[in-house]
Protein chains: 2
Amino acid sequence: MPNQAKVKTPRTRPETQRKRKEILDAAIDIFGQKGYANGTLAEIAEQVDITHAGVLHHFGSKQNLLLEMLTYRDETDVADLDEHHIPNGPELFLHLVRTALVNSRRAGLVQVYTVLSAESVTDDHPARTFFENRYSTLRGLVTDAFRVLCEQEGVTEPATIGAASASILAVMDGLQLQWLLHPKDIELAATSEFAIRAIVNAVLLPGPELSQYRRG
Amino acid sequence: MPNQAKVKTPRTRPETQRKRKEILDAAIDIFGQKGYANGTLAEIAEQVDITHAGVLHHFGSKQNLLLEMLTYRDETDVADLDEHHIPNGPELFLHLVRTALVNSRRAGLVQVYTVLSAESVTDDHPARTFFENRYSTLRGLVTDAFRVLCEQEGVTEPATIGAASASILAVMDGLQLQWLLHPKDIELAATSEFAIRAIVNAVLLPGPELSQYRRG
DNA sequence: ATTTACTTACTTTCTGGTAAGTAAGTTGAG
DNA sequence: CTCAACTTACTTACCAGAAAGTAAGTAAAT
C-alpha cells in the first residue's frame, strides 16, 4: 500500500460519530421543517445542544452539511434495503407500494425530500446534482423492472416503459406533497398503490385513448 | 349606500397598474428562480428598474407580494380559461393534457409552482393556505369530471375516483419536477398524457392487482 | 504532547422594513 | 382655465436583526 494511508481519518472517537449522526438527524428535521435556504445552523445546533460553531466544526459549512445529510439518508435506506436484497422485476412495484406505506409513518422524512427536491431546481442549489442523479437512478431501476415484467408477461417491450417509469416516481412524489398539505384527505399508501397499479397495467395493456371518451 | 363608499381605491393612474403587473411578473421570475425564502425584494426591484423600497410602496410587504402574485397568476389563467368555457366531463382530461403541452413552453411558470408549492409545506409558510385551497379545488374539479365520465360510460361510480383525482394532479406535478431537472430526458406533454390515460382507464376498468404479477 | 471537540466573541454580508424627502401628477375651488 | 392643496410614486438613507463563517481559546481525551 504505497500512498493510500495518507488519507487521514480523524474521526476516531466513537462519541464523535454518534454526535455527527445526531447533527445529521437534526438537519433532516430542520431542513424538512424550514427548507435549506430558510433553515439555520443555529436551529440545528440547538437541537443537539451545541452552538452553531460546533456544527461547523464537524461539517465545515452549511452546504456540506446538506450534502452529507442527503448521502447519509440514502446510505441508511440502502442499508435497510440490502438486508432484504434489492428487489428487481415485478417485486419492485410491490416494494414501492410498501415504501409508500412506510413513508406514511414518517412524515418528517417525506417532507425533507419533498421540500429539498423542489428547492433543488432553484439557481445554483447545492443539492441539484444529488437529485438529478437520484431521479436518473430511480428511473433506471423502474425501467429495468418493467423490462423484466414485460418479458415475463410475454409482452414485447412497449415504448411506454420510459414514460411509465417517470410517471410512477412522479405520482409518488406528487401524492406526498398533497398528503403533506392534507394528511386527513389523502391516503398515501392506498392512493399510491392505485396509481402504480394503473400505470403498470397501462404498460401491459394500454386501453382506449382519452379522446375516445369524447361525446358519448 | 350608507358606508361603502368609504373604501378608497387609490390606484387611479393606469401607469401604476402597469407597473404593479411588471413587479408581479418579476416576482414570478425571481421566486421561481430562487424560491420565496431565498428570493429578495432587491432582485425583483432591479428587474423593473426601481429600488426595493419602491416595491414595498406598491405591495407593503414581501409576504403580501407573494400572495398577490399567486392570485394574479390564477386570475390570468382563469381569464384565459373562461374564454374557452370551463371544461367539465371527459373534456377536462383532454384539457389537462393540453395544459401540460402549454406548460412545456413556459418553464418559468412551471418552476414557480413547483418550487412554491413544495416550499408551502414548511413551517408557517405564507402560501400554505393558497396551495391547500388550490389542491382541494382542483381535486374537486377532477372528481366531478370522473363522475360525469363514469355515468357516460355506464360505470357505477367506483370508489377509486378520489384516488384517481389526486393521482392525476400528482403525476402532473411530479413530472414537472423531473422535467425541470432533466428537460432533455422527460417529455412533459407525452408523458403526462400517458399517465392521465392510464389513470382514467384504471377507473373505468381496474385490471389485475399488482400482486398478480408475482413469480410468473 | 498533541489532537479533538467544542465555546465565545467577532466580522461580514444581507435583508426586510421604516422614515423622510422630492418631483410629478391629480383635483377642486374660484 | 388656473393655482393651490393634496396624493401618488417613487428615492435615499438608515436600522435592526439574522445568519454563515472565522479566529482564538479551553478542557478533555488519546
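Residue numbering restarts at 1 for every chain, and letters A, B, ... go by the order of the sequence lines.
Distance from the side chain of Leu56(B) is smallest for dG17(C) among the nucleotides dG21(D), dT8(D), dG17(C). Which of dC10(D), dT11(D), dA20(D) sits closest to the side chain of Thr51(B) comes down to dT11(D). With dT7(C), dC10(D), dG16(C) as the choices, the nucleotide that has an atom nearest any side-chain atom of His57(B) turns out to be dC10(D). Picking from dC6(C), dG17(C), dA20(D) the nucleotide with the shortest atom distance to the side chain of Thr40(A) gives dA20(D). Comparing atom distances between the Ile50(B) side chain and each of dT11(D), dC6(C), dG17(C) picks out dT11(D) as nearest. With dC6(C), dT11(D), dG21(D) as the choices, the nucleotide that has an atom nearest any side-chain atom of Ala53(B) turns out to be dT11(D).
For the pair Lys19(A) NZ and dC6(C) C1', the computed distance is 10 Å after rounding to whole Å. The CG atom of Asn64(A) sits 10 Å away from the P atom of dG21(D) (whole-angstrom rounding). In this structure, CD of Glu15(A) is placed 15 Å from P of dA28(D), rounded to the nearest angstrom. Between Glu46(A) atom CD and dA20(D) atom P there is a gap of 13 Å when expressed in whole angstrom units. When the P atom of dT15(C) is taken as reference, atom NZ of Lys62(B) falls 9 Å away, rounded to whole Å. We find that CZ of Phe59(B) is positioned 11 Å from P of dC10(D), with the value rounded to whole Å. Atom pair Asp49(A):CG and dT7(C):C1' shows a separation of 14 Å (rounding to whole Å applied). Between the CD atom of Glu43(A) and the P atom of dA18(D) there is a distance of 11 Å, given to the nearest Å.
When heavy atoms are screened at a 4.0 angstrom cut-off, Gly39(A) is found touching the sugar-phosphate backbone but no base atom.
How far CD of Glu119(B) is from CD of Glu119(A): 6.5 Å, rounded to the nearest 0.5 Å. Considering CG of Asp144(B) and CG of Leu149(B), their distance stands at 12.5 Å, rounded to 0.5 Å.
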Side chains of residues 127-134 of chain B: which donor-acceptor pairs under 3.5 Å do they make with residues two or more places apart or in other chains?
unit_1: Arg128(B); atom_1: NE; unit_2: Glu132(B); atom_2: OE2; d: 2.8
unit_1: Arg128(B); atom_1: NH2; unit_2: Leu180(A); atom_2: O; d: 3.2
unit_1: Arg128(B); atom_1: NH2; unit_2: Leu181(A); atom_2: O; d: 3.4
unit_1: Asn133(B); atom_1: ND2; unit_2: Thr129(B); atom_2: O; d: 3.3

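For His58(A) and His52(A), each mapped to the nucleotide of DNA chain C holding its nearest heavy atom, the one lying further toward the 5' end belongs to His58(A).
Judged by distance alone, the side chains of Asp173(A) and Tyr135(A) do bring a donor and an acceptor atom under 3.5 Å apart.
Not counting sequence neighbours, the partners of Glu91(B) by the salt bridge (Lys or Arg N to Asp or Glu O under 4.0 Å) test are Arg214(A).
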